[in-house]
There are 2 protein chains.
Amino acid sequence: MEKLLQHIKINVNEKLYLKDPDSSELGRSIIANSITLIDEIGFEAFTFKKLGQRIDSPESSIYRYFESKHKILLYLTTWYWSWLEYKLVFSIANINSNEEKLEKAIEVLTEPVKEDSDFLYIDEITLSRIAVQESIKTYYTKEVDAEQREGLFVVYESLVQRVSDIVLAINPKFEYPHMLISTVIEGARHQQYFSEHLPSLTDKKKNVKDVSQFFKRIVFSTIGA
Amino acid sequence: MEKLLQHIKINVNEKLYLKDPDSSELGRSIIANSITLIDEIGFEAFTFKKLGQRIDSPESSIYRYFESKHKILLYLTTWYWSWLEYKLVFSIANINSNEEKLEKAIEVLTEPVKEDSDFLYIDEITLSRIAVQESIKTYYTKEVDAEQREGLFVVYESLVQRVSDIVLAINPKFEYPHMLISTVIEGARHQQYFSEHLPSLTDKKKNVKDVSQFFKRIVFSTIGA
DNA sequence: CTAAAATAAAAGTAAAACTATTATATTTGA
DNA sequence: TCAAATATAATAGTTTTACTTTTATTTTAG
């Protein structure tokens with residue numbers, strides 16, 4: 001994928017933070033170091049205290065930006081889904097064939113991120129590793145219903161909707177477009193995780209685009225294109 | 001499904017507990033009440049203290065059976081996967097057609113459990129709800145590699161292997177049997193969860209076997225049977 | 001009937017996830 | 001430019017979680 005626009009800014013739902021972390025040096029440092037720290041020690045072991053030590057600020061200062069570590073994870077994954085949606089829209093622009101659009105879309109949704117291209121203080125490669133390992137924890141919680149009502153998952157929902165629309169353009173009679181696409185998005189991340197931690201649950205070989213191939217095959221055979 | 005054998009006992013890997021909970025009244029009470037308590041308040045809010053209050057025993061007594069609440073969840077989900085595997089083997093016994101076997105297998109893996117039939121003190125309906133909501137948390141942890149090496153996920157792995165073998169019997173050239181079946185197992189639970197909490201990610205209607213239908217379609221179109 | 005094993009009762013600890021208070025910088029707008 | 005507002009730092013405190021430890025009492029098995 002070619003280099004994208006340098007001056008684009010991704011906006012994240014205001015309900016996710018108390019003060020916009022993109023508006024100050026400290027805020028951007030909180031985001032950048034949350035990404036590396038969660039990647040290093042995992043979300044369970046991640047605390048505001050440890051983050052504060054790393055950025056040399058007290059935890060109370062971090063609490064002025066985010067009300068909990070759960071909200072930071074939601075912020076990061078929302079940013080990630082927005083960024084994927086942006087890459088997706090970009091990658092299918094000016095393509096006329098719906099089949100080709102769908103194929104490109106599946107590639108964006110399933111291929112591991114290997115380049116940190118576009119945003120100053122956010123390391124997209126590390127962030128995408130967090131998405132693989134931790135994003136599931138944003139909505140497998142007791143607060144999911146309240147947060148869904150607040151609209152905290154709309155980016156994810158619109159990503160699914162966008163690709164479902166392409167599926168429906170190819171086969172308007174297909175009954176399960178949302179199931180299919182959410183299965184692809186979740187499934188791709190699971191398979192990447194399995195290939196690293198529970199290899200007998202997958203068939204992925206090293207450095208090959210197996211996951212992408214597999215989901216392309218699933219999607220196109222299932223919708224009958 | 002007909003009523004199964006009353007005197008069958010499901011054995012869970014010894015490494016999951018310090019003392020076999022099936023061997024005492026207190027132990028069985030720990031299991032039975034863990035299931036209802038996790039179902040009521042969710043795994044994050046579940047503590048040994050609250051469980052102790054419910055069964056009127058100190059938390060230190062619970063610690064003599066399980067070293068952590070994570071191990072209880074692993075115990076419960078392992079029991080659940082063993083039980084599903086048992087139902088699976090039962091449901092395909094004496095069927096000759098591999099296609100029919102695969103269809104039955106997908107039904108067992110994807111249809112919600114609606115009957116508590118076979119085991120004295122374990123409520124399978126509630127346990128299957130826990131499997132939908134919490135089972136993902138057993139392996140999305142920093143300890144996953146160590147626990148995989150200890151063999152704590154073998155039941156899950158053998159369930160995937162068993163169904164993958166049926167897939168390969170139908171199409172020996174299919175390259176992704178494990179990916180396909182782990183996608184079905186995980187996907188079915190996700191779709192059940194989405195239908196309750198994030199409905200725009202699914203197309204499931206109430207009380208209909210949509211999830212099962214969808215995954216049958218995926219599997220059979222993908223392997224080309 | 002006794003000794004070993006299991007359970008109960010009680011207390012204690014370190015860390016997590018916050019909240020609150022006060023002090024010191026820094027910014028900004030009159 | 002200077003005072004007021006705002007942001008950050010420094011420090012301390014609270015409640016809960018996830019355990020561990022110790023001692024007493026009860027149960028069970030030979």
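Contact annotation: the side chain of B:Phe66 approaches that of B:Ile31 to within less than 4.5 Å [non-hydrogen atoms, C-beta and beyond].
Atom C1' of nucleotide D:dT22 and atom CZ of B:Arg64 are separated by 14 Å, given to the nearest angstrom. The CD atom of B:Glu59 sits 16 Å away from the P atom of C:dT7 (whole-angstrom rounding). The interatomic distance linking B:Phe48 (CZ) with D:dT20 (C1') rounds to 13 Å, in whole Å. Spacing between atom CD of A:Gln53 and atom P of D:dA9 amounts to 14 Å, rounded to whole angstrom units. A:Lys71 has its NZ atom 15 Å from the P atom of C:dA17, to the nearest Å.
In this structure, A:Lys19 reaches the D:dT8 phosphate: one of its side-chain N or O atoms is under 4.0 Å from OP1 or OP2. Side-chain nitrogen and oxygen atoms of B:Lys69 include none within less than 4.0 Å of the OP1 or OP2 phosphate oxygen of D:dT17.
Atom OH of B:Tyr65 and atom CG of B:Asp22 lie 10.5 Å apart (nearest 0.5 Å).
Looking at heavy-atom distances under 4.0 Å, B:Ser68 makes contact with sugar-phosphate atoms alone, never a base. Across all strands, A:Lys49 comes closer than 4.0 Å to no nucleic acid atom at all (heavy-atom distances). Using a 4.0 Å heavy-atom criterion, one finds that B:Phe66 contacts no nucleic acid atom at all.
The nucleotide whose nearest atom lies closest to any side-chain atom of B:Leu26 is, among C:dA17, D:dA9, C:dA8, C:dA8. Nearest to the side chain of A:Thr47, among D:dT8, C:dA9, C:dA17, sits C:dA17. In the set C:dT7, D:dT20, D:dT11, D:dT20 carries the atom at the smallest distance from any side-chain atom of B:Ser60. Ranking D:dA9, D:dC19, C:dA17 by closeness to the B:Tyr63 side chain, first place goes to D:dC19.
For B:Glu67 against D:dC19, no side-chain N or O and base N or O form a donor-acceptor pair under 3.5 Å.
B:Ser23 and B:Asp20 are not linked by any side-chain donor-acceptor pair at a separation below 3.5 angstrom, with hydrogens and angles left out of the test.
Within 6.0 Å of NZ in B:Lys50 there are more than 12 heavy atoms belonging to other residues, nucleotides or ligands.
A salt bridge does not link A:Glu44 to B:Lys142: none of the charged nitrogens lies less than 4.0 Å from a carboxylate oxygen.
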